[in-house]
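Below is one structure, written out as structure tokens, with a few remarks after it.
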Amino acid sequence: MNVLSLENVSKDYGFKPLFQNVTIGLEERDKVGIIGANGSGKTTLLRVIAGVEQTDTGRVTRAGGKTLAFLSQNPQFDDNATVLETIFAASGGVMKQLQDYETACHDLAVQGGTDQKLFDKISELQHELETNGGWEIETNARMILTKLGIFDTSAKMNALSGGQRKRVALAHELIVKPDILILDEPTNHLDADTIEWLEDYLRRYTGALLLVTHDRYFLDRVTNRIFEIDRGAVQVFSGNYAYYLEKKEEQDTLRVVEGHKREQLIKKELAWLRRGAKARTRKSKSRINAAHELMAQPKERTKSEIDIAIGSQRLGSKIVELNNVSKSFGENKLIDDFSYILKRDARIGIIGANGAGKTTLLEIITGRIALDAGKIDVGQTVVIGYYDQESRALNDEQRVIDYVREMAEYVATADGKHITASQMLDKFLFPPAVQYALIANLSGGERRRLYLLKILMSAPNVLLLDEPTNDLDIPTLMALEEYLDDFPGALIVVSHDRYFLDRTIEHVFKFTGKGNLREYAGDYTTYLETRSREETENASDKQAEKAFENFTKATVKQTEPKAPQKLSFKEKRELETLETAIAAAEKRQIEIEKQIGLSASNAAIVHELFGEQQKLSDKLNQDVERWAVLSERVDL
């Protein structure tokens, strides 16, 4: 069933035409990845489909009764709303009931749990949620919040970081479970483990999915169709990213062959025309007309590709040495007594949870953040190029060409030639019409590409890349990877993009908590294999320990003398103690159930209560079994 259609849709921003006469359809089980160069209109197409932007021509039609949710790159919020209010924000229905239920439970806990009106309201809402299947949504919501690392649902949105706000917005769209889910760069601000979970979640998602992402593993494993925006047209490929690459290669090969055939045919026709036809027969006239038509056809434009061919400076033997480096922010220790000597050809990837200290380590190396302890020595020949997450050097009021000329009017290329700043911009896919535009008019991806250009123009021999894949398009990433293959200096990459890490690094450093870093040899996939093997070995060791423990207990039990038929004084006391303990445990179970209901808005407390409940249940089962054995011998 077709749930959404675009008919002859066009969008043009005046100085930058995006796409024209796009006609495509979306089926109810489609999972579509939209790809294209930065500035080609990927985000704009999503916004048009979502109804956030109007089309210049054509129309977008959604099937009746089908719901739609859109996660933008920079979602807007009510800054004074809580996380809970934002997550469950909806016009009505089950989502509104869930929000009212969570709010009532929170209010009851705050005022001490004695308000009868709140008890009655919670009871009524519980009944409504049971009737309309709301508890299944609530369970799904709890799972999503936990996986996305959202625990404090009472926090105000204006107190959250950009990454936290994006995760809250993502949680809202996933919990709503619309018929059509539209996601613009959903993997930004997520760590690798969370991306893997989201990947699996979206694979099982039963609605239609439209997404823009630079993560090629994610694109390949989630999608079953690809929409490519190229030179104003949208081409549809019925397969995942690997299928798209195969078909594009076939198309490019065919295009070269067809172009060669056409050129040969034109040459023959030109030779025939120059000889002149003495007899102006109908056949010769038709051939002349056909030749003119053939020559009048515009040559197909070749697809522009970014050309990263910038030189680097000579690097000496001493690069960067970190000696017993430590850094904390308040009670949060990020780096603890870390030492490492960076080598000339190092290819290092840094991974870890959000907030673990990855960016802090790069900022320490560049001198932007002062150390608490330790020392950093940087070689005299070292020229550091630091590509930070925020693109802090960009000035929206500046023209593109002026921004680049600040660095240099002429740029040395990898082959030793010198070209103008304008020519270098052209190589980075900024044509003359765009070069004199304000930076504020560039798309997010174009801004990041421009920032990358300026970093590379400094001819660095040590590159620090902090989340370089955020907002860069796939063609630019491929060109950057090619550049890094031949980069003669040291490279340190902080990234959650598994594909990019596999392509560019040879060692992994992982922040494991409490300021510690652990080194793994190999790329990211090798790290995953090592981690999986270690987890399997640890599980096997625990299983072996458990088996030995059970064997020991069984051996001891066999050697124990048979218990007397009647209870001993000690066993009578044990029986009395068990009865008291069982009664207390059953009472505590009831209390835990109530506390779980009252603390439903605080996932951390609920998780702790569930843990206590499980331990209490296990202990209660053991006590009841022992009580049963002893009570059978009371009258003997």
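What you are looking at is a predicted structure, and each value in this text was computed from that prediction instead of being measured.
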Thr420: side chain to side chain contact (heavy atoms under 4.5 Å, CB included) partners, not counting sequence neighbours: Tyr410, Ser422, Gln423

Any pair with a residue in [range] that passes ring pair (Phe, Tyr, Trp, His ring centres under 6.0 Å), sequence neighbours left out, goes on the list, sorted by first then second residue, please.
{"range": "residues 17-52", "value": "none"}
{"range": "residues 180-207", "value": "Trp197-Tyr201"}
{"range": "residues 454-479", "value": "none"}

Run the side chain to side chain donor-acceptor pair (under 3.5 Å) test against [X] and tell me which residues pass, sequence neighbours left out.
{"X": "Lys147", "result": "none"}
{"X": "Thr57", "result": "Ser10"}
{"X": "Thr504", "result": "none"}

For [X], which residues count as a salt bridge (charged side-chain N to carboxylate O under 4.0 Å, His left out) partner, sequence neighbours excluded?
{"X": "Glu7", "result": "Arg59"}
{"X": "Lys247", "result": "Glu250"}
{"X": "Asp485", "result": "Arg503"}
{"X": "Arg62", "result": "none"}

Inter- and intrachain pairs under salt bridge (Lys or Arg N to Asp or Glu O under 4.0 Å), touching residues 168-197, at least two apart: Asp193-Arg531

